[in-house]
Amino acid sequence: MTDFIYFAYGSNMMTARLRARCPSVQPLGQAKLDGFEMAFNKRSVDGSGKAGLTPEGCGLAFGAAFQVSKEDLDRLDAIEGPGYRRVCEVRIQIGGAFQSSGSVTVVNAVTYLPRQTEPGLAPFDWYLALILAGYREHDVASAQILRLQATQTRIDPVPHRATALEARSILSKAGF
């Protein structure tokens with residue numbers, strides 16, 4: 001595998017966060033994946049809900065596409081951890097109505113799906129904030145932002161959790 005396209009739909013959509021983890025990433029823009037919907041259906045080790053994709057015939061999952069060097073693939077696998085499995089052949093649309101050119105490119109991409117799902121999980125507030133910031137950064141449809149803003153969240157019971165502190169720092173630096 002040489003450089004590849006990565007479809008991010010959760011907390012990795014913020015370029016600054018992903019680049020801190022995988023230095024080679026280059027944002028390609030808003031992306032869509034037909035036949036799936038994003039839900040908070042993956043239980044994290046901290047008990048909160050994390051983003052996962054579920055197959056839905058008429059569904060449409062929004063996210064961001066990134067070009068990533070093959071040298072960062074092991075890092076990306078480690079970030080997603082044992083709770084997600086890498087899928088190497090999803091067809092995504094990059095660009096479209098929310099891009100200034102209006103053009104759409106269809107490409108094969110790598111993404112990650114939860115190994116196990118559990119409906120009805122609530123994400124921590126800082127985790128949802130990362131996803132919303134990623135949607136705004138990549139001009140994802142305002143209807144999707146409104147839908148996510150209505151998501152019931154939980155306050156993290158461990159306010160000094162390393163991932164929460166990292167998230168708040170990245171959000172602050174990005175102006176969120």
Hey, what do you get for CD1 (I5) to SG (C88), rounding to the nearest 0.5 Å? 13.0 Å
Nearest-0.5 Å distance that lies between atom CE in M13 and atom CD1 in I131: 6.0 Å
Show your working on side-chain contact (heavy atoms from CB on, under 4.5 Å) between I92 and V107 and close with a plain yes or no. CA-CA 6 Å; I92 63 169; V107 297; 3.7 Å; yes
Is any side-chain heavy atom of Y9 less than 4.5 Å from a side-chain heavy atom of L53? yes
Of all residues at least two apart in sequence or in a different chain, which pass the salt bridge (Lys or Arg N to Asp or Glu O under 4.0 Å) check with R21? E166
Salt bridge (Lys or Arg N to Asp or Glu O under 4.0 Å): which pairs involve residues 149-162, sequence neighbours left out? D156-R161
Nearest-0.5 Å distance, CZ of residue F7 to CG of residue N108: 13.5 Å
Residues passing the side chain to side chain donor-acceptor pair (under 3.5 Å) test with T151, sequence neighbours excluded, are none
Would you mind listing every side-chain hydrogen bond (donor to acceptor under 3.5 Å, both in side chains) that reaches into residues 45-63, with sequence neighbours excluded? S44-D46, D46-S48, S48-K50
Kindly write out the residues that satisfy side chain to side chain donor-acceptor pair (under 3.5 Å) with S11, not counting sequence neighbours, or none if the list is empty. R17
Salt bridge (Lys or Arg N to Asp or Glu O under 4.0 Å) with R75: which residues, sequence neighbours excluded? D72
Only counting residues at least two apart or in another chain, list the ones meeting side chain to side chain contact (heavy atoms under 4.5 Å, CB included) with Q144. F62, Y135, V140, A141, R147
Are any non-hydrogen side-chain atoms of P119 and N41 less than 4.5 angstrom apart? no
Donor-acceptor contact present, side-chain Q30 to main-chain D139, <3.5 Å: yes
Per the ring pair (Phe, Tyr, Trp, His ring centres under 6.0 Å) rule, what does the pair list look like for residues 64-86, sequence neighbours excluded? F66-H138
Can you list every pair that meets salt bridge (Lys or Arg N to Asp or Glu O under 4.0 Å) and has a residue in residues 117-136, with sequence neighbours left out? R43-E118
Around atom CD of Q152, are there more than 12 heavy atoms of other residues, nucleotides or ligands at under 6.0 Å? no
A side-chain contact here means heavy atoms from C-beta on lying under 4.5 Å apart; do E137 and M14 qualify? yes
Listing request: all ring pair (Phe, Tyr, Trp, His ring centres under 6.0 Å) pairs with a residue in residues 18-44, at least two apart in sequence or in separate chains. none
Output all residues satisfying salt bridge (Lys or Arg N to Asp or Glu O under 4.0 Å) with D34, sequence neighbours left out; order by chain, then residue number. none
Supply the atom-to-atom distance I79 CD1 to L18 CG, rounded to the nearest 0.5 angstrom. 6.5 Å
Check: residues 167-176 side-chain donor-acceptor pairs under 3.5 Å, at least two apart:
unit_1 : atom_1 : unit_2 : atom_2 : d
R168   : NH1    : P159   : O      : 3.3

Restricting to non-hydrogen atoms, name the atom on K42 and the atom on P114 that form the minimum distance, rounded to 0.1 Å. CG-CB, 3.7 Å
Assess, by modelled atom type and distance only, whether the side chains of Y6 and N12 contain a donor and an acceptor separated by less than 3.5 Å. yes
